[in-house]
Amino acid sequence: MDKKEILSKFSTDPERYYKVKLFENEGFMRKSCTICKRFYWTIDENRINCPDHSDDTYSFIGNPPTKKRFDYTQAWKEVESFFQKNGHTSVSRYPVVCRWRDDLYFTIASIVDFQRVMGSKVVFEFPANPLVVPQTCLRFKDLENVGVTGRHFSSFCMIGQHSIPNSQGYWKDECVDLDYRLVTEQFGVDKKEIVFVEDVWEGGGSFGSSLEFFVKGLELGNAVFTEFQGDLSNYRTLDQQIIDMGAGLERFAWITMGTPTAYDCCFGPITGNLIEQTGIDTDSELLVRYFTEIAKNFERFNDLSEVRKNAIKSAGLSNEQMDKIITPIEGIYLIIDHIRTLIFAISDGALPSNVGGGYNLRIMLRRIISTMNRLSLKFDINDMIDMQIDYLNDTYPELEETREDVKTIIAIETDRYENSKSRMQKIVSKLNQKPTVDDLIRLYESDGVTPDYLKEMKVISDIPSTFYSKLSELHQSKKQKEQDQLSLEGLPETELLYYADDPEEFDAKVLKSFDQYVVLDRTSFYARGGGQEPDHGTIEGFDVVDVSKHGNIVLHELKEGTIKEGDTVSCVVDSKRRGDITKNHTSTHILNSSSRSILGSWVWQHSAFKEEDHARLDITHHSALTDDEIVKIENLANSVVKKNMSVNIESFDRGAAEQKYGFKIYQGGIVPVKSVRIVSIEDFDVEACGGTHVKKTGEIKLVKITRTKRIQDGVVRIEFVSGDTALDYAKQHDVDLARESAELKDKAKLKETRHEQKQELREKLPILVENITACKIGTNNVDETIVVMTEPGKPNFCSAMSEQYDEFFHISLGEKLIEKDPWMVYCGVFEDGDRIRAIIYSGEQVGKDKKAGDIAKTVSEVLGGAGGGTQRFAQGGGKDKSKKNDAIEKAKTMVLGV
Ligand SMILES: [Zn+2]
Ligand SMILES: [Zn+2]
C-alpha cells in the first residue's frame with residue numbers, strides 16, 4: 001500500500017482516525033474538497049474547498065488575519081508561554097549536527113531529537129513529557145527555492161510539541177485542542193479561519209494519521225499521531241504511541257505580520273538593514289502583489305522558472321521592476337537565510353568541506369559569494385554574522401560562545417574559494433555548450449564549480465530545479481553495516497570482566513569452539529571496539545591473536561590449537577600490551593580536548609585508533625596544523641598528564657547523560673545502548689566511551705605527537721605515542737637532535753673556515769697579481785702552486801692547481817691577471833666533487849689568437865669531458881682526475897706553442 005491508499009483507508013473511518021473532541025465541541029464539519037477531494041474539517045459553512053484550492057489562499061500577505069504582530073523571536077515567546085502554561089516543559093534545542101544518529105548528518109525534524117536507533121529499531125526517549133522545543137532544522141533539498149518562494153528556508157525553527165500518552169502526557173484530543181487554542185487564543189486568529197486537513201505521515205519506520213492545520217492557505221503545522229510500526233502494507237500498533245506535532249515558527253510570525261515574504265519578518269532588522277544598504281527602492285504594494293502570485297503559483301508548476309514567469313505575468317511586472325527590485329531582493333533573502341544556517345551548523349561543530357554533510361555548507365557559502373558578486377552587493381559577512389547572532393540571542397543564547405569561531409571558519413573558507421577562482425575561470429572558459437544537470441553535478445563534484453558561479457559568469461541563467469535534490473541524494477549514502485556471517489545464535493551474552501574487576505588471569509567455561517575460534521562464558525580480553533585494538537594473551541596456553549564482539553558475544557581467535565567445548569580453561573591477558581593500549585586510549589581523550597581548546601570549538605573526534613606502540617586521532621579541523629599549534633596541543637596534553645587528574649567511569653541513563661553533559665560526549669560516535677559509560681577526566685574531558693582507561697593521568701607519563709597530516713578536506717590526523725613508548729621516542733628524538741646539531745655545528749665550522757680562507761685570499765690576491773705580472777722571462781714559480789711563463793709582448797701563461805683554491809679564487813685571480821696583462825692566459829684547474837673543472841681567462845691581446853673558449857674545449861677533452869665559452873672567459877672539465885697535469889700542459893702548449 002502506498003501513502004495515498006493508506007490515507008483513503010484512514011479517511012473511510014474518520015471516527016477512528018481523525019475525529020477529535022474539539023470537532024464535536026466546536027461544531028466542526030467534515031467536508032471534501034471539490035477539486036482534489038481531500039477531506040478537511042472547518043466551522044465555516046461557506047467553505048467549499050481545501051486550503052490549497054480556496055480563493056483566500058495567501059490572502060494574508062498584505063492583510064494579516066490577526067490583531068497582534070509577532071516577529072520571529074516574539075512568536076517563539078508566545079508559543080513557549082502558551083505550552084508552558086498548559087503543562088509542557090520547554091526544552092532547549094538539540095544540535096543541528098545529528099551526533100546521536102549515524103544515518104543523518106543534520107537534524108531534520110524536532111522528533112529526531114528524541115529518536116535513538118537500537119539495532120534496526122527506533123526508540124523514543126523524552127527528557128520530559130509533554131514537552132515543546134524550538135528545534136532548528138536543516139534541509140538542503142530545495143535550496144533553489146530559498147529566497148524565491150517567500151517561504152522556503154535552508155534552516156528553520158520547527159516548533160516541536162511532543163507527548164507520550166500516559167499519566168503525564170496526552171493523545172489526539174488534547175493535542176488538537178491545544179493547537180487550536182494556540183492559533184485562535186494565543187495568536188488571535190478567527191475560529192473560522194483554521195482548517196484541519198486529513199493526512200498520513202510516515203518516517204523512521206513508523207507512521208500514523210495526521211491533521212495539518214492551515215490559516216488562509218498557509219500550513220502552520222502538522223499534528224502526527226504516530227501509532228503504527230512497520231511499512232504501510234505490513235504494520236502493527238506501536239508499544240509506545242507518540243504525539244509528533246511540528247510547526248514552522250517562521251510561518252507563525254509571517255501570518256501575524258502579513259509581510260510579502262516570511263524572510264521579511266524572520267531575521268529581525270537584518271533584512272531591512274541590507275535592503276537599505278543597497279538603496280533598492282522597494283515598493284511594498286508591488287512586492288505584496290508579486291509574492292502573493294509566487295505563493296499561489298508555487299503549487300501549480302513543477303519548475304521554479306515557470307512559477308516565476310507566471311507570477312511576473314499575473315502581477316504585471318515590467319522587466320525593469322524585476323531587475324531593479326525583485327532580483328536583488330531575492331539575492332538578499334538568499335544571503336540572509338544561508339548565513340543563518342552556516343551560523344547554526346558551524347556553531348554545532350560542522351565544517352564546510354567536500355565530504356559528508358560538509359558539502360552543503362561549502363555550497364551555501366559559495367552561493368552567498370556568487371550572489372553578492374552577481375548583484376554587485378557589497379555586504380560585510382562579519383557584520384551579517386554579528387547582526388544574526390545579536391538577533392537570535394533571545395532564543396538561542398548559546399550562539400554567543402561561537403561567534404568568533406564562526407567568523408574564523410567562514411573567512412578561511414571564503415579565502416579558499418577566492419583562491420580557486422582563476423582555476424574555475426579556466427574550466428568555465430572551456431565550456432562550449434550549455435551544461436546539463438549531470439554536467440553541473442560533475443563540475444561541482446570534481447572542480448568545485450557551483451551553478452551559482454556559472455550564473456554569476458552568465459553561462460547559465462537559471463539553476464535547474466533538480467540540481468540540489470540530485471546532489472543531496474548523491475551525498476546521502478548511509479553507512480553500510482557489516483553483516484555477521486558467524487553462527488553464534490543461541491549463545492548467551494558474554495560476561496565482560498574488563499568492565500568489572502578486570503582480572504589479568506581468570507578461568508572460564510568454553511561455550512563454543514569452532515575452527516580457530518572460542519566463545520567463553522566470561523572474559524577479561526578486551527574485544528576490538530571504539531578504535532581500541534583487542535587484547536592478546538593465552539587461553540590454555542594457546543596464543544590469542546584477535547578478539548571481536550558480535551552483538552553481545554565475544555569471540556576469541558587463537559593462533560593455533562583447539563579447545564574442547566564444555567571445558568574450563570585458564571586464561572591470561574597480556575597485561576603489558578593492555579597497559580600500553582590503555583595509556584594510548586586515555587591519551588586520545590586528552591589530545592582531543594587539548595586540540596579543541598587550542599584550535600577551536602569546531603574540533604571533534606572524527607575517528608581514532610589505539611594500538612600497543614602507536615595511536616592516532618583524527619580531528620575535524622579546516623587546515624593542516626602549524627608547528628606552533630602542535631607544540632601547544634602537546635604541551636596542554638602533558639600538563640593534564642602532570643596534574644595527575646582522576647579518570648572516572650560512571651554509567652548513566654543515555655538521556656540523563658545527554659542532558660547533563662550535552663552532545664559533546666559522542667566524540668567516538670553514537671552509543672547504541674540505553675545505558676552509557678561516561679569517562680571523565682575531572683572537568684577537562686567528558687566522553688561516552690566503552691574503552692579501557694588509566695585511573696590517574698599521571699600513569700601516562702608523557703604524550704608525544706610524532707606526526708600530523710591533513711588526510712582529507714576538514715580532517716587532520718594526529719599520530720602519537722604515550723607512556724614508555726613516548727619516553728623512548730623522546731630519548732631517541734633527543735639523540736637525533738644532538739646528532740643533527742653536531743652535524744650542523746660541523747657544517748657551520750667548515751663554512752666559517754672557508755669564509756676565513758676567502759678573506760685571506762682576498763687580501764692576498766693583489767699581492768699575488770703583483771708578483772705574477774712582475775715575473776721575469778722564463779718559467780717562474782710564484783709559490784709551489786702557481787706557475788708563470790712570461791715574455792713581454794708575447795703570449796704569457798699562468799696556471800694554478802691546488803686543493804686550497806676554489807672557483808672563487810680562480811675567477812678572482814684570472815680576472816685580475818688579464819686586466820693587468822692583456823697578453824696573459826690564465827688556466828685554473830680544481831676538483832669539485834667527483835669532477836675536475838677548468839677555468840680559462842684570455843687577455844685582450846692574446847685572446848685574438850688564443851681564445852679562452854678554444855682552450856677550454858681542448859682542455860676539457862683531455863679531462864674526458866666538454867667545455868667552451870667566449871674569447872675572454874671559458875670553462876669546462878671532465879672526470880679523469882689523473883689527467884690534471886696533462887690538461888695544464890696542453891693549455892700551456894696551445895698558448896706558448898712550445
Ligand atoms: Zn483541494
Ligand atoms: Zn574513548
Side-chain angles (χ1 to χ4, degrees), residues 4 7-8 11 29-42 44 46-58 99 195-199 211-214 216-219 296 298-300 498-499 526-534 549 578 580-596 603-611 615-619 637 640 645 647-652 657 661 663-673 676-681 684-695 697 700 703 718 720 722:
K4 243 186 182 165
L7 175 59
S8 65
S11 284
M29 292 159 276
R30 184 170 187 259
K31 297 185 177 187
S32 173
C33 175
T34 62
I35 294 169
C36 68
K37 310 287 178 235
R38 280 202 301 173
F39 291 99
Y40 62 92
W41 298 76
T42 176
D44 183 357
N46 300 324
R47 183 176 288 277
I48 53 165
N49 282 334
C50 81
D52 281 346
H53 301 109
S54 295
D55 293 338
D56 66 349
T57 296
Y58 287 89
R99 308 264 177 202
V195 180
F196 290 91
V197 177
E198 294 181 3
D199 204 356
L211 285 168
E212 296 174 323
F213 50 100
F214 291 77
K216 298 265 184 200
L218 183 67
E219 184 190 343
K296 283 184 179 173
F298 184 73
E299 303 292 344
R300 288 181 212 156
Y498 52 82
Y499 284 156
Y526 181 85
R528 176 183 292 105
Q532 179 172 338
E533 286 296 280
K549 223 173 154 193
R578 159 74 83 78
D580 288 346
I581 293 178
T582 298
K583 285 178 192 125
N584 278 340
H585 197 150
T586 309
S587 302
T588 310
H589 289 213
I590 295 172
L591 277 172
N592 191 31
S593 270
S594 300
S595 304
R596 186 176 319 112
V603 170
W604 281 73
Q605 175 177 311
H606 180 264
S607 59
F609 179 80
K610 285 85 75 167
E611 189 32 302
R616 60 174 184 256
L617 165 70
D618 295 346
I619 54 167
V640 172
M645 291 184 179
V647 181
N648 283 314
I649 300 179
E650 270 179 286
S651 279
F652 276 88
Y661 298 112
F663 289 87
K664 281 216 161 68
I665 59 171
Y666 294 134
Q667 294 288 332
I670 51 129
V671 176
V673 288
V676 292
R677 196 165 169 265
I678 294 293
V679 178
S680 51
I681 303 171
F684 182 73
D685 180 80
V686 185
E687 294 182 30
C689 173
T692 60
H693 288 277
V694 300
K695 292 199 165 59
T697 57
I700 293 169
V703 179
I718 299 175
F720 67 95
S722 72

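No experiment lies behind these values; they were computed from the predicted model shown. In this chain, numbering begins with 1 at the start of the sequence shown. Start at 1 and go down the list; that is how both ligands and their atoms are numbered.
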K.L.:
Got Leu617 and Gln605 here, is their nearest side-chain heavy-atom distance under 4.5 Å?
P.N.:
yes
K.L.:
Is there a side-chain contact between Thr586 and Thr692 in this structure, where contact means two heavy atoms from C-beta onward sitting under 4.5 Å apart?
P.N.:
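Not in contact.
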K.L.:
Between Ser722 and Asn584, do the side chains contain an N or O donor and an N or O acceptor separated by less than 3.5 Å?
P.N.:
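There is such a pair (donor and acceptor under 3.5 Å, judged by atom type) between the side chains of Ser722 and Asn584.
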K.L.:
Taking the Zn ion (ligand 2) as the center, what protein N, O or S atoms are found at less than 2.8 Å?
P.N.:
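Near the Zn ion (ligand 2), below 2.8 Å, one finds His585 NE2, His589 NE2, Cys689 SG.
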K.L.:
Give the intermediate values and the outcome of side-chain hydrogen bond (donor to acceptor under 3.5 Å, both in side chains) for residues Ser54 and Asn49.
P.N.:
CA-CA 5 Å; Ser54 295; Asn49 282 334; 5.6 Å; no
K.L.:
Using a 4.5 Å cut-off on heavy atoms from C-beta on, say whether the side chain of Leu7 contacts that of Asp199.
P.N.:
yes
K.L.:
For a distance under 2.8 Å, give residue and atom name for each protein N, O or S atom next to the Zn ion (ligand 1).
P.N.:
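Correct list: Cys33 SG, Cys36 SG, Cys50 SG, His53 ND1.
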K.L.:
Is the Tyr666 ring parallel, tilted or perpendicular to the Phe663 ring (thresholds 30°, 60°)?
P.N.:
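Answer is tilted, since the angle falls between 30° and 60°.
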K.L.:
Would you check, one step at a time, whether the test side-chain hydrogen bond (donor to acceptor under 3.5 Å, both in side chains) holds for Ser680 with Asn648?
P.N.:
CA-CA 5 Å; Ser680 51; Asn648 283 314; 4.8 Å; no
K.L.:
Examine distances only and state if a side-chain atom of Lys610 and a backbone atom of Thr588 form a donor-acceptor pair shorter than 3.5 Å.
P.N.:
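Here the side-chain-to-backbone pair does not exist.
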K.L.:
Counting the benzene-type ring for Trp, do Phe214 and Tyr40 have ring centres under 6.0 Å apart?
P.N.:
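No: the rings miss the under 6.0 Å criterion.
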